[in-house]
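Values in this document were obtained by computation on a predicted structure and should not be read as measured data. Side-chain atoms are counted along with the backbone in the values below, which use heavy atoms only and exclude waters and symmetry mates.
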Amino acid sequence: MQFNSLNEKRWVIYFAIVAVLITLLPYWLGFSRQGLDWVFTGFVFGVEDGNSYIAKMLSGAYGHWLFQTPFTAYPQNGAFAFFPYLLLGKVASLPGMHTQLVVLFHLFRLLAGFLMILATYEFISIYILDIKLRRLGLAVATLGGGLGWLSVFGLLKLWQNGLPLEFYSPETFGFLALFGLPHLAMARALLLWGLCAILQSESEDKPWIPAIKGGFFWLALGFFQPLTVVVGWVILGVYQTALILDELIFNKKEFDCCARCLGIKQAAIMVGISSPIPVYTFFAFSLDPFLKQWTDQNLILSPPIWDYLLAFGLILPLTIMGIRTIFLNRASKALLVIGWVFIFPLLAYMPYNLQRRLPEGVWVAFVVLAFVFLETLQNKNVQKWLKRALYLSFLTTLLVFWGAILAVWNPSCPLYRHENEAGVFKFLAEKVEDGDIVLAAYDTSNALPAWASVKTLIGHGPESVNLKEVQGKVEQFYREETDEEYRRKLIEEFDIRYVVWGPREKNIGGYNFTQDPLFKAIYQVDDYWVFSVNTGDK
């Protein structure tokens, strides 16, 4: 990464360090607020997914190299997916496994957030020369948001999806990835560094070197988020197409065929180097029956376009003026961010079950174009007021941050688990064999695999295959009116070894497992019980 001065380098590094350390505050409060009654999960939002990340790390700690979700009892072949979490888990060991994994997760989060900030600054620096504008642009791109703060003034009905994007969409902005989704933060860093490599290739004596470097950035990206590699390919393809159209339509000189062929060859090199993991992922999730079923029920759909307009509404007018400025000044590199913004609707509404993931990083392109306009604005007084207006973009982020602090201040589920429930998890972690099947209610089944290397029948929306059907079976299992034959059949169908019987399970149904010889009590503290299945072959 190139800096104009030592002071600029120091500022960016200090900004990145301070930003990621500030995000630690709610997590530190969470650990400090846990006590005799409550155990902190390590997450302040998206706890269901958070538990799944720790479960993946725990799988790695138990020696697994291929991913198998613990939130289903159906047979799996395993797949090369979520590899950074599996690899990170191999650093941990007993005792205190869960705490170690949570700490490792947050160390990964701090590193990924730090790198995301550095990569974003480098990308912005390609287009913005004014250092003060670069700094503000970096803050907006990594910590800013849209008009979501209006929701606290009784205007929540403006959002057709029921919630501002800043509260649930890390790909639309950046703060949520920085705050709690390290694989997405790392993915954005590598995506932007790959784009930086190709954008900076014009000044290179050896034009193949940047393409190779960018290709390896995106090869690494595939380990964290394979779909984002495909997003990078689309951006790169649109950029090369825009360069060709720009020369054909607007360039009065002879068409530079050599330059355009070189650009296409560079793009091909990047795609070729970065393709192995996305190609593998495509075929694995298309051909493997289990993974295909998981993919079919994993829906991350984009909200109505009006919600996106509210998300980008604060900066959109400046972005439009930035596009106009670039067209007037004929800046070829800026065609990348223009093309990226123009294909945003296509990406966001592609007929694909993960369509909301496709506009990953486009917020950075919006910010770049807005600041291009600010930098070329001659009226400095107007520029000053527009810059001040952009501070409104931090309001929603402050709401999210403050909401996280309030959430951890008063311990309760799901951010915390009751100490007795955590005792059940720890007991099972010591008692069970790796991969044993445990039956429990949905919420219990979500948290349990983050503590013990077990499999549950349900527990995670996308990863629990046939969730609706299987959850109905689980709930029927706990009901008092269910006959013994039904329970035996379910035990045989999924090879269930242990049954958890706590407050959540008792809320489902009133069956008393202590009076059934099929089940043997092996652990009990207050209202929390664990039973082993007492069949003849067990």
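Separating the CH2 atom in Trp149 from the OG atom in Ser393 is a distance of 10.5 Å, to the nearest 0.5 Å. Put simply, CD on Glu360 and CG on Leu191 are 6.5 Å apart, with the number rounded to the nearest 0.5 Å. The CG atom of Leu236 sits 9.0 Å away from the OG atom of Ser274 when rounded to the nearest 0.5 Å. The distance from the CG atom of Leu158 to the CG atom of Leu147 is 9.5 Å, given to the nearest 0.5 Å. Remark: Tyr74 OH to Glu493 CD distance equals 5.5 Å, nearest 0.5 Å. Taken to the nearest 0.5 Å, the OG atom of Ser151 stands 8.0 Å off from the CD atom of Glu166.
Residues Asn353 and Asp296 fail the side-chain proximity criterion, which asks for heavy atoms closer than 4.5 Å. A heavy-atom distance below 4.5 Å is not found between the side chains of Phe179 and Thr397. At least one side-chain heavy atom of Leu94 sits less than 4.5 Å from a side-chain heavy atom of Met97. Using a 4.5 Å cut-off on side-chain heavy atoms (C-beta onward), Val39 and His98 make no contact. With a 4.5 Å cut-off on side-chain heavy atoms, Val454 and Tyr498 do not count as touching. Side-chain contact between Val408 and Arg33: absent, with no pair of heavy atoms (C-beta onward) separated by less than 4.5 Å. Counting heavy atoms from C-beta on, the side chains of Val234 and Leu346 never come closer than 4.5 Å. Residues Leu156 and Pro164 are in side-chain contact: their nearest non-hydrogen atoms beyond the backbone lie under 4.5 Å apart.
Taking the six-membered ring for Trp and the full ring otherwise, the centers of Tyr478 and Phe513 sit less than 6.0 Å from each other. Checked against a 6.0 Å centroid threshold, the rings of Phe71 and Tyr442 do not count as neighbours. Ring-centre distance between Trp159 and Tyr168: not below the 6.0 Å cut-off. Side-chain rings of Phe45 and Phe167 stay apart, their centers remaining 6.0 Å or farther from each other. Aromatic ring centroids of Tyr27 and Phe43 lie 6.0 Å or more apart.
Relative to the ring axis of Phe82, Lys56 places its NZ or CZ within 45° and under 6.0 Å from the centre. In this structure, Arg109 fails the cation-pi test against Tyr53, since its NZ or CZ atom is not both closer than 6.0 Å to the six-membered ring centre and inside 45 degrees of the ring normal.
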key: Criterion salt bridge (Lys or Arg N to Asp or Glu O under 4.0 Å) on Glu433 and Arg497, from CA distance to verdict   = CA-CA 10 Å; Glu433 298 290 333; Arg497 300 287 179 133; over 6 Å; no
key: Check against side chain to side chain donor-acceptor pair (under 3.5 Å), Asn420 and Asp526   = CA-CA 8 Å; Asn420 290 340; Asp526 292 338; 2.9 Å; yes
task = Step by step, work out the side-chain contact (heavy atoms from CB on, under 4.5 Å) result for Leu192 and Phe217.
result = CA-CA 9 Å; Leu192 293 176; Phe217 276 129; over 6 Å; no
request  = Please step through side-chain contact (heavy atoms from CB on, under 4.5 Å) for the pair Phe223 and Met186, ending with a clear verdict.
outcome  = CA-CA 10 Å; Phe223 287 93; Met186 187 68 81; over 6 Å; no
message = Between Phe83 and Phe224, does the ring pair (Phe, Tyr, Trp, His ring centres under 6.0 Å) criterion hold? Intermediate values first, please.
response = CA-CA 7 Å; Phe83 185 71; Phe224 297 94; 9.5 Å; no
task = Would you sort out whether Ser275 and Trp233 count as a side chain to side chain donor-acceptor pair (under 3.5 Å), showing the intermediate values?
result = CA-CA 10 Å; Ser275 63; Trp233 295 348; over 6 Å; no
inquiry  = side-chain contact (heavy atoms from CB on, under 4.5 Å), that's the test. Do Thr120 and Val367 meet it? Break it down for me.
reply    = CA-CA 11 Å; Thr120 304; Val367 171; over 6 Å; no
request  = Would you please test Asp516 and Tyr511 for side-chain contact (heavy atoms from CB on, under 4.5 Å) and show each step?
outcome  = CA-CA 9 Å; Asp516 190 334; Tyr511 188 71; 2.5 Å; yes
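Side-chain atoms of Thr482 do not come within 3.5 Å of backbone N or O of Phe477 as any donor-acceptor pair. With Trp294 contributing its side chain and Val465 its backbone, the two residues share no donor-acceptor pair below 3.5 Å. Using modelled atom types, no side-chain atom of Glu492 and backbone atom of Lys489 make a donor-acceptor pair closer than 3.5 Å. The backbone N or O of Leu358 sits nowhere less than 3.5 Å from a side-chain atom of Glu171 that would complete a donor-acceptor pair. Between the side chain of Lys455 and the main chain of Thr69, no donor-acceptor pair closer than 3.5 Å is present. Between the Gln297 side chain and the Pro462 main chain, a donor and an acceptor come within less than 3.5 Å of each other. The backbone N or O of Pro95 lies less than 3.5 Å from a partner atom in the side chain of Gln100, making a donor-acceptor pair.
The aromatic rings of Trp529 and Phe531 sit parallel, their planes meeting at an angle under 30°, below the 60° perpendicular limit. Ring geometry for Tyr528 versus His418: interplanar angle under 30°, hence parallel rather than tilted (30 to 60°). Classification of the Phe401-Phe175 ring pair by plane angle, with boundaries at 30° and 60°, yields perpendicular.
Heavy-atom neighbours of Lys431 NZ from other residues, nucleotides or ligands within 6.0 Å: at or below the threshold of 12. Shown here is Glu481, whose CD atom has more than 12 heavy atoms of other residues, nucleotides or ligands within 6.0 Å. Atom NZ of Lys520 has 12 or fewer neighbouring heavy atoms from other residues, nucleotides or ligands inside a 6.0 Å radius. Heavy-atom contacts from other residues, nucleotides or ligands closer than 6.0 Å to CZ of Phe31 number more than 12. Within 6.0 Å of CZ in Phe216 there are 12 or fewer heavy atoms belonging to other residues, nucleotides or ligands.
Nearest heavy-atom pair across Pro278 and Val230 is CB-CG2, 4.3 Å. The two residues Tyr349 and Pro304 come nearest to each other via the heavy atoms OH-C, 3.1 Å. Taking each heavy atom of Tyr85 and Pro182 in turn, the nearest pair found is OH-CG, 3.6 Å. Between Val91 and Leu104, the shortest heavy-atom contact is CB-CD1, 4.0 Å. Here the closest heavy-atom approach between residue Arg417 and residue Asp443 is recorded as NH2-O, 3.4 Å. Smallest separation of non-hydrogen atoms from Pro414 and Val47: O-CG1, 3.4 Å.
Ion pairing between Arg479 and Glu475 holds under the 4.0 Å rule for side-chain N and carboxylate O. Looking at Glu469 and Lys473, a side-chain N of the basic residue comes within less than 4.0 Å of a carboxylate O on the acidic one, giving a salt bridge.
Just one of Asp49, Thr72, Asn446 meets the side-chain hydrogen bond (donor to acceptor under 3.5 Å, both in side chains) condition when paired with His460; it is Asp49. Under the ring-ring contact (aromatic ring centres under 6.0 Å, His included) test applied with Trp363, the options Phe344, Phe173, Tyr308 reduce to a single match, Phe173.
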